[in-house]
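Chain identifiers are assigned alphabetically (A, B, ...) following the order of the sequence lines, protein sequences preceding nucleic acid strands; residue numbering begins at 1 within each chain. Being a predicted model, the structure only gives us computed values, none of them experimental.
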Amino acid sequence: MSDRWTEKLSPYLDGELSAVEREQLESHLAKCEECAAALEQLRRVVGRARALEDRPPATGLWSGIAERIGAAPSDAKVADLEARRRSKVARLRQRRLSFSLPQLAAASIALIVISAGGAWLVSRPAGPAAERGASSVSGQAGLVSAPVAGHSATSYDAAIVELERIIDESRDQLDTTTVRVIEENLMIINQAIVQAQRALAEDPASEYLNEHLAATMRQKLEFLRRAAEMTRAVS
Amino acid sequence: MTNLKQDRDLRPVDADDAVLAAAGDAGAFERLYNRHVPRIHSLVRRMIGADLADEVTQDVFVRAWQKLGSYRGEAAFGTWLHRVAINVILGRRKQLGIRRERFVEGEGVVGRLSSNPKGAETAIDFETAIELLPDGAQQVFVLHDVEGYKHGEIAQMLGISSGTSKSQLHRARMILRDYLDR
Ligand SMILES: [Zn+2]
């Protein structure tokens, strides 16, 4: 066994040698027991590395993290905690909705471009553009914010499942960019629905939140409908 | 491989919690922490050693909380968190560089490990041996053989050449042959 050969053992294992180098090494391995044994051990090292199991830390680390991100319940009085909880809920609700509108705007912009015929290459607006989109969507909110009339929760779910199935089946015929745009937008809409549901859970009576959720769900249905139409046209 | 699969399994649950956490929901972030801490802590432990693993793991999650606003769901949360962790770890290692260098050259455990004679009596298991590898060899080994990054990617992350990455990997594997504990 010499360095000249051992140094090639790892690249050999990783399939990085040229055909010539590989042949030379293999004929050396046939003659040299030491190198052959080393190769076997290296193979086991690689296998062992891949099979390593993740272990949680021995002690809990969350409380330290919670403290640093300002989330730890301190020994403050109960009234204090309740006040803090209420202000946090209010803050959350505000942030959540202001977060979801630009995202929805981005989704609808991408959808419009995608359905404007043949323009598959869409880049989602980011940063300032998305912000501008937000204000225009709040402006348009009236257009879509009617409750989901005539759709029970079950028929809504069934429609979603059916449309997802259609899109799924024609997935192979769509180009990657289109599939990605559809998936990204669905993710954005799903996130918006989750946000709206959570906000609603905290304030079930809010008319605005109810309408916002309904609008978002309608938007998802509409998006899937158009995507399914497109995939039908393609296939 | 298992990591990728794990990401996919957790994806729907993570996506919801990541949105909530980005909006300031610490409860949602705690759920993300609980699901991902074994993987992150193991990564940190292997790359920086058991001594600092708890502290650096906490740094990773604090950084993730601060950066969640920029997470847009374009990758699975686990994948995104993993990148945050790598950045925190590499930053931390740069700070530690000088101190660790001395270990490698000197009489420290690391020095002993790198010249451990074959068949020597040792209680060091494979996991511990990884933690005690010489610096460069350790980073490349964990990133390549454990985490599945390619030499090109590792070279970029560590600011080294692909050739250096390859030779450090070989060095690490050669050392670890003596610590195969099964
Ligand atoms: Zn040989």
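- Interface remark: B:Phe29 contributes backbone and side-chain atoms alike to the contact with chain A (heavy atom separation under 4.5 Å).
- Between chain B and the residues A:Arg55, A:Arg68, A:Glu16, the most heavy-atom pairs under 4.5 angstrom are made by A:Arg55.
- Scanning both residues, A:Trp62 and B:Tyr33, for their nearest heavy atoms gives N-OH, 3.4 Å.
- Contact annotation for residues 162-170 of chain B against chain A (heavy-atom separation below 4.5 Å, listed by residue number): B:Lys166, B:Leu169, B:His170.
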Open item on the list: Run A:Gln41 and A:Val45 through side chain to side chain contact (heavy atoms under 4.5 Å, CB included) and show every step you take.
Closed with: CA-CA 6 Å; A:Gln41 287 175 318; A:Val45 168; 5.6 Å; no
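- Panel note: side chain B:Gln139, backbone B:Met47; no donor-acceptor pair is recorded below 3.5 Å.
- Side-chain atoms of B:Arg39 never come within 3.5 Å of backbone atoms of B:His36 as a donor-acceptor pair (strictly under, hydrogens ignored).
- More than 12 heavy atoms of other shown residues, nucleotides or ligands fall within 6.0 angstrom of atom CD in A:Glu26.
- Note on B:Glu55, B:Gln66, B:His151: by heavy-atom pairs under 4.5 Å with chain A, the leading option is B:His151.
- Nearest heavy atom pair, residue B:Tyr71 against residue B:Ala18, reads CE2-CB, 3.6 Å.
- Top candidate by heavy-atom pairs under 4.5 Å with chain A, chosen from B:Gly148, B:Ala50, B:Ser42, is B:Ser42.
- Both the backbone and the side chain of B:Asp59 come within contact range of chain A, judged by heavy atoms closer than 4.5 Å.
- The CZ atom of B:Arg45 lies 9.0 Å from the OG1 atom of B:Thr128; values are rounded to the nearest 0.5 Å.
- The aromatic rings of A:Trp5 and A:His28 lie parallel to each other, with less than 30° between the two planes, well short of the 60° mark.
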